[in-house]
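As structure tokens, the structure follows; a few thoughts come after it.
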Amino acid sequence: MRISPLDVHQKEFGHAMRGYREDEVDSFLDAVAAELERLGAESVQLQERVASAESKSLNFEAERNTIHNALLTAQRASDDVLAKAEARSQELVAAAERKADGIVHDALAEKNAATEEIRRL
């Protein structure tokens with residue numbers, strides 16, 4: 001059974017021959033009502049704090065997911081750039097090797113021509 005501060009304030013007891021002192025009972029009921037009001041206000045504040053904490057938690061979770069996705073995107077981009085750089089370096093090395101082979105081939109042809117010219121002379 002829920003009892004509100006108003007219920008406590010409005011409660012009246014019957015009189016009996018050897019009953020309690022009415023002023024003490026009224027004083028105690030006032031204290032109980034005040035404590036119920038304080039606890040009710042504290043409960044509302046705590047519920048608001050819980051709601052605020054839950055909202056912040058959801059925001060932090062959303063931010064964490066955003067950061068996680070950004071890191072995944074950055075990692076993929078990094079991997080892509082690295083793969084393209086590796087492919088380009090292999091192309092450059094292959095082109096340099098072809099060019100070197102061509103230079104060596106031309107030098108050998110020139111040497112052979114010079115050797116042939118020397119023999120002819």
### Message
Show, in sequence, the C-alpha distance, side-chain angles and deciding distance for Glu42 and Arg38, and conclude whether the salt bridge (Lys or Arg N to Asp or Glu O under 4.0 Å) test is met.
### Response
CA-CA 6 Å; Glu42 183 179 340; Arg38 186 192 70 76; 2.7 Å; yes

### Task
Measure the NE2-CD distance between His68 and Glu61 for me, rounded to the nearest 0.5 Å.
10.5 Å

### Query
Which is it for Asn112 and Glu116 under the side chain to side chain donor-acceptor pair (under 3.5 Å) test, yes or no, and what are the steps along the way?
CA-CA 6 Å; Asn112 288 340; Glu116 193 59 39; over 6 Å; no

### Task
Can you measure from CG (Leu39) to CG (Leu46) and round to the nearest 0.5 angstrom?
10.0 Å

### Message
Is it the case that the side chain of Thr115 and the backbone of Lys111 share a donor-acceptor pair, with hydrogens and angles ignored and the cut-off at 3.5 Å?
### Response
yes

### Task
Step by step, work out the side-chain contact (heavy atoms from CB on, under 4.5 Å) result for Asp101 and His105.
CA-CA 6 Å; Asp101 287 345; His105 180 274; over 6 Å; no

### Query
In Å, rounded to the nearest 0.5 Å, how long is the span from CG of Leu6 to CD of Glu37?
9.0 Å

### Message
Would you say that more than 12 heavy atoms from the other residues, nucleotides or ligands in this model lie under 6.0 Å from the CD of Glu110, or not?
### Response
no

### Query
Is Ser55 reaching over with its side chain to a backbone N or O of Ala51, donor-acceptor style, under 3.5 angstrom?
no

### Task
Keeping the roles fixed (side chain from Ser52, backbone from Glu48), state whether a donor-acceptor pair exists under 3.5 Å.
no

### Query
In terms of heavy-atom contacts, does CZ of Phe28 have more than 12 from other residues, nucleotides or ligands at under 6.0 Å?
no

#### Entry: CZ on Arg64 to CG on Asn69, rounded to 0.5 Å
9.0 Å

### Task
Flag this pair as yes if the NZ/CZ of Lys56 is under 6.0 angstrom from the six-membered ring centre of Phe60 and inside a 45 degree cone about the axis; otherwise no.
no

### Task
Using atom types as modelled and distance alone, determine if a side-chain donor or acceptor of Asp7 lies under 3.5 Å from a backbone N or O of Ser4.
yes

### Query
Taking C-beta and beyond as the side chain, do Arg76 and Asp80 meet within less than 4.5 Å on heavy atoms?
no

### Task
Working to the nearest 0.5 Å, report the span between CD of Gln75 and CG of Leu82.
9.5 Å

### Query
Is there a side-chain contact between Glu22 and Val25 (heavy atoms, below 4.5 Å)?
no

### Message
Looking at Glu12, I'd like to know if its CD atom is crowded, meaning that more than 12 non-hydrogen atoms belonging to other residues, nucleotides or ligands lie closer than 6.0 Å.
### Response
no

### Task
Kindly indicate whether the side chain of His9, heavy atoms from C-beta on, has any atom under 4.5 Å from the side chain of Leu29.
no

### Heavy-atom donor-acceptor pair, Ser89 side chain to Glu86 backbone, under 3.5 Å
yes

### Message
Return the OH to CG distance between Tyr20 and Asp26, rounded to the nearest 0.5 Å.
### Response
14.5 Å

